[in-house]
There are 2 protein chains.
Amino acid sequence: MKKYLQIYHDLLNDIQAKKFKEGDLLPSDTKLVMKYGVSRETVRRAIKLLFDEGYIQTIRGKGSIVLNSDRVMFPFSKIESYKELVTSNHLHSENKIIKIEEPTDVPKNLLFGAPNIATQLIVRKRIVNDLPTVLDYDYINTDVTGIVPKQAALNSLFFYFEHDLGLKINYAIKHITVELADYDDLHFLEIDKHIPIVVVRSETRLADNHILSYTESRHRADKFSSVEFARRHE
Amino acid sequence: MKKYLQIYHDLLNDIQAKKFKEGDLLPSDTKLVMKYGVSRETVRRAIKLLFDEGYIQTIRGKGSIVLNSDRVMFPFSKIESYKELVTSNHLHSENKIIKIEEPTDVPKNLLFGAPNIATQLIVRKRIVNDLPTVLDYDYINTDVTGIVPKQAALNSLFFYFEHDLGLKINYAIKHITVELADYDDLHFLEIDKHIPIVVVRSETRLADNHILSYTESRHRADKFSSVEFARRHE
DNA sequence: TCAAGGAACTAAACTAGACAAGTTTTTTTA
DNA sequence: TAAAAAAACTTGTCTAGTTTAGTTCCTTGA
């Protein structure tokens, strides 16, 4: 384990376990240097990570103040699998496969001008607290993953990619819009009129910059909310 | 000017001016060390910033690859004033003040449980390409700013806070939901039925962690879009 | 009493190295 | 010629310091 990540996780655990409460000061750089027996730069790397993610506020001359992190929870700016999201928010959820197609073309409005690739389409319905809430269309780059087994789609695609295939997911670009429900939304989300749908279209890439997948997530707008942490900087 | 920010801005300018194109490699750490006459850690700080913001992808043993940053433009995860947004996207826009009230209470659904403070309310309408698009409710902490002159509200509140008052804006927490238009939306955005509205409720804080303002931004959903860059990490 | 000054803390920026671990290119060897 | 080895690159992590700048608190002197 990298030393700075060890320190980061130790501090984050203590913050999330409320051992440090909102407004408390974290131990100073010097104290952490002594506790862990590392150099100051290594401590500062851990502190910087907590700062960047909105857990603490560092003030020169004073220390690192713990912020209220209850609200930093489901940002667009994090890549989280649906499974992770459901688990960390203690939701009751089901997963249904609607259709699997292979090979398929990626729709043009997902490509944003990028060249088409050979993909496998997996369409899934997410049922949260007994209410159909999200419709997911995953176009998976079969050159990278091969054919995805049905069981992986039922459980968690990300888990399959990362743990079973050993792929390293790196970043995603997400386009967010609000659109009216189409006929598939009406049918699969079991709604009876054209209520708004939050549409998140994303392109996910691996550490080697290869495209892993294109995804379209269609959320019932009335069941949708997101919290973002944003910093102002030079 | 801080050295690492100088290097960051130089590289960012070159990326945005397409001197480095998508897929190109940035100069290596060693070359930048020589060019700027600084230590490697200083160079790496600049590189890390570009990486964090999604402009480049660093690969060990290879170099820093320039990503396509055309799409990284209006993320929730940035704090940008409306003025800055309009300018960087080359939009034609007008700004109308609908009402100014002082003192006012902050509505409970903006406070998220925080204690109430003395504020001045400024309600503004943003007209983009001759279409009323956004309705902004700003509840400004008068303990910090005093009474805000009307001209500042007409121009840019952020500019007034940062340049005229010398305040240091630090971070914001934003809650994003989709709701149906209320009667004020219908009236001021000049829409004739209850089309969806993207509501961004935010709390903005200063470097000393004091609350600067609570804001509710109500966007016509059909004119709304956002692009987010998200990294996956340990 | 209280205000000014200084000591003791804090983080921020920076330096100048080290070694590890990857990739690419060049050279050597079979 | 082709494969293997070595050299020369790259970024990633880490060490052990220095200087700068800001906050907090205690002491000293009017």
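These values consider heavy atoms only, across backbone and side chains, with no hydrogens, waters or symmetry-generated copies. The chains referred to below are lettered A, B, ... by the order of the sequence lines, with proteins before strands, and numbering in each begins at 1.
Judged by atom type and distance alone, B:Arg40 reaches the base of D:dG12 through a side-chain donor-acceptor pair under 3.5 Å.
Residue A:Ile59 is in sugar-phosphate contact alone, with no base atom involved, counting any heavy-atom pair closer than 4.0 Å across all strands shown.
Side-chain contact between B:Leu25 and B:Ile65 is present, with at least one heavy-atom pair separated by less than 4.5 Å.
Look at A:Lys62 and you'll find a side-chain N or O under 4.0 angstrom from OP1 or OP2 of D:dT24. Between D:dT13 and A:Tyr4, a contact under 4.0 Å exists linking OP1 or OP2 to a side-chain N or O. A:Ser39 has no side-chain polar atom (N or O) that falls below the 4.0 Å cut-off from OP1 or OP2 of D:dG17. For the pair B:Thr58 and D:dG12, the criterion of a side-chain N or O lying under 4.0 Å from OP1 or OP2 is met. Note on A:Thr42: every side-chain N or O is 4.0 Å or more away from OP1 and OP2 of D:dT13. Phosphate contact (OP1/OP2 of D:dT11, side-chain N/O of B:Lys48, threshold under 4.0 Å): absent. Regarding contacts with the backbone of C:dT10, a side-chain N or O of A:Ser28 is found under 4.0 angstrom from either OP1 or OP2. Between A:Lys3 and D:dC14 there is no side-chain polar atom (N or O) within less than 4.0 angstrom of OP1 or OP2.
With salt bridges taken as basic N to acidic carboxylate O contacts below 4.0 Å, none links B:Arg44 and A:Glu41. Between A:Arg232 and B:Glu84 there is a salt bridge, since at least one side-chain N of the basic residue sits less than 4.0 Å from a carboxylate O of the acidic one.
Across the protein-nucleic acid pair, B:Glu41 atom CD and D:dG12 atom P stand 11 Å apart, rounded to whole Å. Atom-to-atom, CG of B:Leu50 to P of D:dT11 comes out at 13 Å; the value is rounded to the nearest Å. Atom P of nucleotide D:dT13 and atom CG of A:Leu5 are separated by 7 Å, given to the nearest angstrom. B:Ile47 places its CD1 atom 13 Å from the C1' atom of D:dG12, with the value rounded to the nearest Å. A straight line from CD1 of A:Ile65 to P of D:dT23 spans 12 Å, rounded to a whole angstrom. Look at OH on A:Tyr36: it is 18 Å from P on D:dA16, rounded to the nearest Å. Counting to the nearest Å, the C1' atom of D:dT19 and the CZ atom of A:Arg44 are 14 Å from each other. Remark: P of C:dA13 and CE of B:Met1 are 12 Å apart, rounded to the nearest angstrom.
Under the 30°/60° scheme for interplanar angles, the aromatic rings of A:Phe224 and A:His219 are found to stand perpendicular.
Considering all non-hydrogen atoms of both residues, B:Ile56 and B:Ile47 come closest at CD1-O, 3.7 Å.
Side chain of B:Asp29, nearest nucleotide from D:dT11, D:dA16, D:dT10: D:dT11.
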